[in-house]
Amino acid sequence: MQIRDRYAPSPTGLQHIGGIRTALFNYLFAKSQGGTFILRLEDTDRTRFDPSFVQNLYDTFEWLGIKWDEGPDVGGAAGPYIQSERFELYKKYADELIEKDKAYYCFCSAERLDKIREEREAARSSETGYDRHCRSISPTEAAERVKAGEAYTIRLKIPLGESTKFHDHLLGDIEWKNDDVNPDPVLLKSDGFPTYHLANIVDDHLMGITHVLRAQEWLSSTPLHVIMYAAFGWEHPEYCHLPMVMGQDGKKLSKRHGATSIDEFRRQGYIPEALLNYVALLGASYEEGKDIYTLDELAARFSLDKLNKAPAIFDYKKLEWYNGQYIRMKSDEELAELCLPYAVEAGLFGAGPGSVVPGPIASSQGKVPSPEQRSTFTAAMPLIKERLVFLHEATEKLGYLFSEPAIPAAEEFIPKKADLQQAVSLLRMGRDLVKPLAEAADDASAESLIKDWAEKNKVKLGDLMMPLRAAITGARVSPPLFGSLRILGAEKSLARVEKALAALNTAR
Ligand code: GLU
Ligand code: ZN
């Protein structure tokens, strides 16, 4: 069988973890089977539609590096792939169900439907949904009222007293009593727009969708969809409802737990591969002891049988771990490229408008780096790579390389069990070391140089380094000192040490 599956978002909000998990699983399933992955925009709800959400969808998947084989932007034989461009079609299929006596016209006003709801609420009735009031209107009468111009909706005529069965790949055989299914839901609204249910199944059918992988929150719609397929005389696709994504408290993942929209993760400095890798493992297990997978590796291993039934717990700490891992796998050039937009945005290379950084971190607050600043930035990557968790952290960690840090308070220069006097003499020794350290070929030669010096002068290595570090980086804790000296160069470094010495001398 030629597998065809789809991601069918409604552009009524930003792309979030649950959505990209669904998209990714569909993508991986299609790839693993040599099938076709389709994007379809379900924009039937015009009141909640916003074009910026469509843009966000495209931006998100471009950033993630996930491509569909057919979709609004890439085309395909089953298009158009935007439901609002297919409206005529849905009306035709709704009419077909009327003809087959599988659907009927409903003339109830919004007021009437509101009234039933209110009455039920007042009576604390457990009944919900439509009361099937118009189901008994004869087809001839209904046709006449439609002809006379009366407003109507079209409702599905759910066969009562029967039950509907279907198989879910994860949940097994499922059976629902038809009487418990949403009573005769609207398929076509009075303005001629289809509802989600009608458009969704007509499109899945016409687009040849063989497998529906979607979040478990849609499970309650599935019996209804299966009834509709039967009403049309079509075969329904295979279903696999994906387990919910929960926070660590076992509640549905939401803003209370942390970032959920992909824009937020981007702003926080996540790498797309890290996010994808982690999301791919949400509710699925592949190989024992292997955590890091490329998209291709995932596609090669994906199978519906590897999905877990239990809800997936979203662990932000684990995601951070992945981000760190992916950061360390980048070359210095790649990492600099990734960190740069955040640094520009935060004004690392000077404030003021200048840059336009693509994506959600853009607000063009800062200047773009000069070629020299840029190469400094790249050269500094080895200093921070091992400790970086988020891309934006580079800005804060490397600030001292791009503007002179404020001279710290005198205490910051003083090693344990020493006093200010000793700190000054240590820093003076350090001053003599600046040039040779800055010109050392690498860390190892810098280290042996300073060690020899410390031995010769009978001071502790740590005590010698501490005031020097404070003078150069402006902090007691900083990226590695030797690399910092090499990047800054002897001249700038010396100037910092002199300045610090002057400040300490006045502090005395
Ligand atoms: N438009 C629905 C959504 O927003 C699609 C559900 C489905 O996959 O059938 O998720
Ligand atoms: Zn009615």
Side-chain angles (χ1 to χ4, degrees), residues 4-27 29 37-46 48-50 53-54 56-57 68 72 81-84 86 98 103-117 129-138 141-142 145-146 150-158 166 168 183-190 194-205 207 209-226 228-229 236-242 244-245:
R4 289 171 65 83
D5 65 11
R6 60 12 178 224
Y7 177 47
S10 301
T12 53
L14 296 173
Q15 291 298 305
H16 53 87
I17 286 294
I20 66 161
R21 199 265 312 244
T22 300
L24 179 61
F25 281 23
N26 276 286
Y27 171 89
F29 181 57
F37 172 54
I38 296 164
L39 175 72
R40 181 175 74 227
L41 291 186
E42 301 211 323
D43 59 344
T44 53
D45 184 352
R46 300 310 286 180
R48 288 167 63 214
F49 173 82
D50 188 321
F53 294 138
V54 178
N56 173 257
L57 169 83
W68 30 87
Y81 296 91
I82 301 183
Q83 290 189 326
S84 58
R86 302 168 64 84
I98 292 261
Y104 60 90
Y105 294 111
C106 165
F107 302 99
C108 295
S109 62
E111 292 74 38
R112 176 172 184 275
L113 298 176
D114 284 346
K115 211 173 127 228
I116 325 179
R117 198 176 312 125
Y130 183 53
D131 62 356
R132 301 192 166 98
H133 180 72
C134 300
R135 188 166 162 137
S136 55
I137 299 175
S138 79
E141 184 196 329
R145 288 169 71 171
V146 167
E150 204 172 321
Y152 66 84
T153 61
I154 293 181
R155 290 185 181 272
L156 181 67
K157 195 175 201 171
I158 292 187
F166 61 93
D168 180 276
D184 298 2
V186 172
L187 302 180
L188 201 73
K189 295 185 247 186
S190 54
T195 57
Y196 154 70
H197 302 296
L198 177 66
N200 185 268
I201 79 131
V202 165
D203 285 349
D204 277 349
H205 174 71
M207 294 180 181
I209 300 302
T210 59
H211 290 74
V212 168
L213 277 58
R214 63 183 169 199
Q216 234 166 60
E217 62 193 88
W218 296 99
L219 184 64
S220 61
S221 299
T222 308
L224 182 65
H225 294 185
V226 172
M228 290 170 73
Y229 279 102
H236 66 75
E238 288 186 35
Y239 290 105
C240 181
H241 289 87
L242 306 171
M244 301 287 280
V245 182

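The chain is numbered in sequence order, starting from 1. Computed from a prediction, not measured in an experiment: that's the story for all the values here. Order of listing sets the numbers, starting from 1, for every ligand and every atom in it.
Distance from atom 3 (C) of ligand 1 to its nearest protein heavy atom, with residue and atom name: W218 CZ2, 3.4 Å. Nearest protein heavy-atom neighbour of atom 4 (O) of ligand 1: S10 OG, 3.2 Å. Ranking the protein heavy atoms by distance from atom 9 (O) of ligand 1 puts R214 NH1, 2.7 Å first.
Residue L242 forms a side chain to side chain contact (heavy atoms under 4.5 Å, CB included) with just one option from R21, E217, Q216, and that option is R21.
Looking at T22 against ligand 1, nothing comes within 4.0 Å, counting heavy atoms.
Note: an N/O pair closer than 3.5 Å links A8 and ligand 1 by distance alone.
Take the Zn ion (ligand 2) as the corner point: the lines to OH of Y130 and to SG of C108 open at 110°, to the nearest 10 degrees.
The option with the heavy atom closest to atom 7 (C) of ligand 1, from among R6, E42, R40, is R6.
Between H225 and Y196, the ring centre distance stays below 6.0 Å. Ring centroids of H211 and F29 are separated by less than 6.0 Å, placing the two rings close together.
Using a cutoff of 4.0 Å between basic side-chain nitrogens and carboxylate oxygens, D203 and R6 are not scored as salt-bridged. Between R145 and E141 there is a salt bridge, with a side-chain nitrogen of the basic residue lying less than 4.0 Å from a carboxylate oxygen of the acidic one.
The shell of residues lying under 4.0 angstrom from ligand 1, judged by heavy atoms, excludes Y7.
With hydrogens and angles left out, the side-chain atoms of D168 and H241 include a donor and acceptor closer than 3.5 Å. Looking only at atom types and distance, the side chain of Y104 has a donor-acceptor partner in the side chain of D184 under 3.5 Å away.
Here C106 meets the criterion, with an N, O or S atom under 2.8 Å of the Zn ion (ligand 2).
Taking every heavy atom of N200 and a limit of under 4.0 angstrom, the matching atoms of ligand 1 come to 7 (C), 9 (O).
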